[in-house]
**Student:** 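Take this structure, written in structure tokens, and hold onto it; I'll ask about it next.
By convention in this document, chain letters (A, B, ...) are assigned in the order of the sequence lines, proteins followed by strands, and residues within each chain are numbered from 1.
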Number of protein chains: 2
Amino acid sequence: MGLTKTEIYTKEQNKIAAMAKVIGHPARVAILQHLLKVQSCICGDLVDVVGLSQPTISQHLREMKSIGLIGGSIDGTKVCYCINKKTYEEFRDMFGNFFGQNLNPEDCC
Amino acid sequence: MGLTKTEIYTKEQNKIAAMAKVIGHPARVAILQHLLKVQSCICGDLVDVVGLSQPTISQHLREMKSIGLIGGSIDGTKVCYCINKKTYEEFRDMFGNFFGQNLNPEDCC
DNA sequence: TTTATATATTGCAATATACCAATAAAGACA
DNA sequence: TGTCTTTATTGGTATATTGCAATATATAAA
């Protein structure tokens, strides 16, 4: 049905999935990488850097903003985007915990 | 169009996105969490633990297997699944690098 | 006030994903 | 052999996602 049954999962499971999902598209990876490099930039820069249309970039930015990964501040007709440090560190902690566990030395399967 | 333009991104960007995408669904998060806890189990256990139908679990397992995050070994009519340690550590490194960078102390936006 | 610039929103088409019922496949066991 | 158990596959439906053209919105500049 294309509809995830969120109600059968824990809050943590849904949160982790939502955080991973926003990284799960190469355009959003490219946007994050650019913001990591230049600290902040406007929407139009990302259109040039990534190579998608302006509406498409705008939509990806909205998704990243809605989960709090980036912030945007209006500056005239332009909007300056940058990474939200607090959320970025939340992502670091979450993925760090999730993939920081010790597994048995040898695979069983 | 529902069709990601993978050709405009770097190999790394596509790889990172693919890795994140497989974590981007709560059922797959739940499967991973269970495998982390019990080390290995069969498909039927995951059907009980997660609460989705057997075909749906089977499909999620296939996605996780296709990217190498888990392995499965046939044991009679059952299939024993467990986490692939090498890939798991690849995930750790990738997310560690991606979210381990230093940002400016204050947000600009 | 008109025009230019930058971004967001709307509307749409095409593909992808999530889910399950039904069924197939294959080994275990009587 | 026939039945049971377990998992994979098929087929179908419904929703989600990706992408862009066209348009709306809003500020800047002439």
Side-chain angles (χ1 to χ4, degrees), chain A residues 1-9 13-14 17-31 34-35 40-67 70-82 109, chain B residues 1-9 13-14 17-31 34-35 40-67 70-82 109:
Chain A
M1 317 167 205
L3 203 172
T4 298
K5 293 177 136 186
T6 55
E7 70 279 5
I8 69 172
Y9 307 103
Q13 286 162 347
N14 282 313
M19 290 167 89
K21 196 174 185 182
V22 82
I23 313 297
H25 191 287
R28 297 190 289 266
V29 171
I31 288 171
H34 189 68
L35 285 175
S40 79
C41 69
I42 63 171
C43 175
D45 292 340
L46 292 165
V47 172
D48 296 338
V49 168
V50 178
L52 292 171
S53 72
Q54 181 270 321
T56 302
I57 292 294
S58 191
Q59 178 192 296
H60 284 302
L61 287 170
R62 184 167 52 176
E63 280 178 64
M64 298 171 76
K65 203 171 154 190
S66 79
I67 207 172
I70 62 173
S73 64
I74 299 176
D75 171 28
T77 60
K78 308 179 181 180
V79 176
C80 169
Y81 284 101
C82 69
C109 307
Chain B
M1 316 169 206
L3 204 172
T4 298
K5 292 177 136 188
T6 54
E7 71 279 3
I8 69 172
Y9 307 103
Q13 286 163 346
N14 283 313
M19 290 167 89
K21 195 174 186 182
V22 82
I23 313 296
H25 191 288
R28 297 190 288 266
V29 171
I31 289 171
H34 188 68
L35 285 176
S40 79
C41 71
I42 63 172
C43 175
D45 292 340
L46 293 165
V47 172
D48 296 338
V49 168
V50 177
L52 292 172
S53 72
Q54 181 269 321
T56 303
I57 293 295
S58 192
Q59 178 192 294
H60 283 303
L61 287 170
R62 185 169 52 177
E63 279 178 65
M64 298 171 76
K65 203 171 153 190
S66 79
I67 208 173
I70 63 174
S73 64
I74 299 175
D75 172 29
T77 60
K78 308 178 180 178
V79 177
C80 169
Y81 283 101
C82 70
C109 308

**Student:** Parallel, tilted or perpendicular: which one describes the rings of A:His25 and B:Tyr9, with boundaries at 30° and 60°?
**Tutor:**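 Ring orientation, 0 to 90° scale: perpendicular.
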**Student:** Start with the C-alpha distance between B:Asp75 and B:Ile42, add both sets of side-chain angles, then the distance that settles side chain to side chain contact (heavy atoms under 4.5 Å, CB included), and finish with yes or no.
**Tutor:** CA-CA 9 Å; B:Asp75 172 29; B:Ile42 63 172; over 6 Å; no
**Student:** Rounded to whole Å, please give me the gap between CG in A:Asp75 and P in D:dT27.
**Tutor:** 12 Å
**Student:** Below 4.0 angstrom from OP1 or OP2 of C:dA16, is there any side-chain N or O of B:Lys21?
**Tutor:** no
**Student:** What's A:Lys65 touching, base or sugar-phosphate or nothing? Going by heavy atoms closer than 4.0 Å.
**Tutor:**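 Nothing: the residue A:Lys65, judged by heavy atoms under 4.0 Å, touches no strand.
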**Student:** For B:Met64 and C:dT17, give me the distance from atom CE to atom P, rounded to whole Å.
**Tutor:**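 Checked: the CE to P distance equals 16 Å.
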**Student:** With rounding to the nearest 0.5 Å, note down the distance linking CG in A:Leu61 to CD in A:Gln59.
**Tutor:**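 So the gap between those two atoms works out to 10.0 Å.
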**Student:** Answer yes or no: does a side-chain N or O of A:Arg62 lie under 4.0 Å from OP1 or OP2 of C:dT9?
**Tutor:** yes
**Student:** Between A:Gly24 and B:Gly44, which residue's closest nucleotide on DNA chain D lies nearer the 5′ terminus?
**Tutor:**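 Final value for this comparison: B:Gly44.
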**Student:** Taking only N and O in the side chain of A:Lys78, is any of them less than 4.0 Å away from OP1 or OP2 of D:dA28?
**Tutor:**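 Answer is no, no contact under 4.0 Å.
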**Student:** Could you tell me which non-hydrogen atom of B:Val22 sits nearest to which non-hydrogen atom of B:Glu63, and how far apart they are?
**Tutor:** CG2-O, 4.1 Å
**Student:** Would you mind reading off the distance between B:Tyr81 atom OH and D:dT6 atom P, rounded to a whole angstrom?
**Tutor:**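 After rounding, the gap between these two atoms is 15 Å.
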**Student:** C:dC19, D:dA28, D:dT5: which one has an atom nearest the side-chain heavy atoms of B:Thr77?
**Tutor:** D:dT5
**Student:** Please state how far atom CD1 in B:Ile23 lies from atom P in C:dT17, giving the value in whole angstrom units.
**Tutor:**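 These atoms are roughly 15 Å apart.
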**Student:** Report, as yes or no, whether the 6.0 Å neighbourhood of atom CD1 on B:Ile74 holds more than 12 heavy atoms from other residues, nucleotides or ligands.
**Tutor:** no
**Student:** In whole angstroms, how far is the P atom of D:dT6 from the CD1 atom of B:Ile57?
**Tutor:** 16 Å
**Student:** Please state whether the phosphate of C:dT17, meaning OP1 or OP2, lies under 4.0 angstrom from any side-chain nitrogen or oxygen of A:His25.
**Tutor:**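 No, A:His25 has no side-chain N/O under 4.0 Å of OP1/OP2 on C:dT17.
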**Student:** What is the distance from CD of A:Glu63 to P of C:dT7, rounded to the nearest Å?
**Tutor:**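 Interatomic distance, CD of A:Glu63 to P of C:dT7: 19 Å.
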**Student:** If you restrict it to nitrogen or oxygen atoms, what contacts under 3.5 Å exist between nucleotides 20-22 of chain C and the protein, and what is each distance?
**Tutor:**
{"residue": "C:dC20", "atom": "OP1", "partner": "A:Lys5", "partner atom": "NZ", "Å": "2.8"}
{"residue": "C:dC20", "atom": "OP2", "partner": "B:Ser53", "partner atom": "N", "Å": "3.0"}
{"residue": "C:dC20", "atom": "OP2", "partner": "B:Ser53", "partner atom": "OG", "Å": "3.0"}
{"residue": "C:dC20", "atom": "OP2", "partner": "B:Thr56", "partner atom": "OG1", "Å": "3.0"}

**Student:** As a test of reading the structure: which of D:dT7, D:dT15, C:dA8 is closest to the side chain of A:Leu3, going by heavy atoms?
**Tutor:**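 Closest of the options to the side chain of A:Leu3: D:dT15.
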**Student:** So, for B:Lys65 and B:Gly72, which heavy atoms are closest and what is the spacing to 0.1 Å?
**Tutor:**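 Minimum heavy-atom separation between B:Lys65 and B:Gly72: CE-N, 4.2 Å.
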**Student:** Answer yes or no: does a side-chain N or O of A:Ser58 lie under 4.0 Å from OP1 or OP2 of C:dA8?
**Tutor:**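 It does, given that an N or O in the side chain of A:Ser58 lies less than 4.0 Å from OP1 or OP2 of C:dA8.
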**Student:** Looking at every heavy atom in both B:Thr4 and A:Pro26, which two are closest together, and how far apart are they?
**Tutor:**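 That closest heavy-atom pairing would be CG2-CG, 3.7 Å.
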**Student:** Is any side-chain N or O of A:His60 closer than 4.0 Å to OP1 or OP2 of D:dT17?
**Tutor:**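 Result: no.
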**Student:** Looking for any heavy atom pair under 4.0 Å, which part of the strands does B:Ile42 touch: base, sugar-phosphate only, or nothing?
**Tutor:**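 Sugar-phosphate only.
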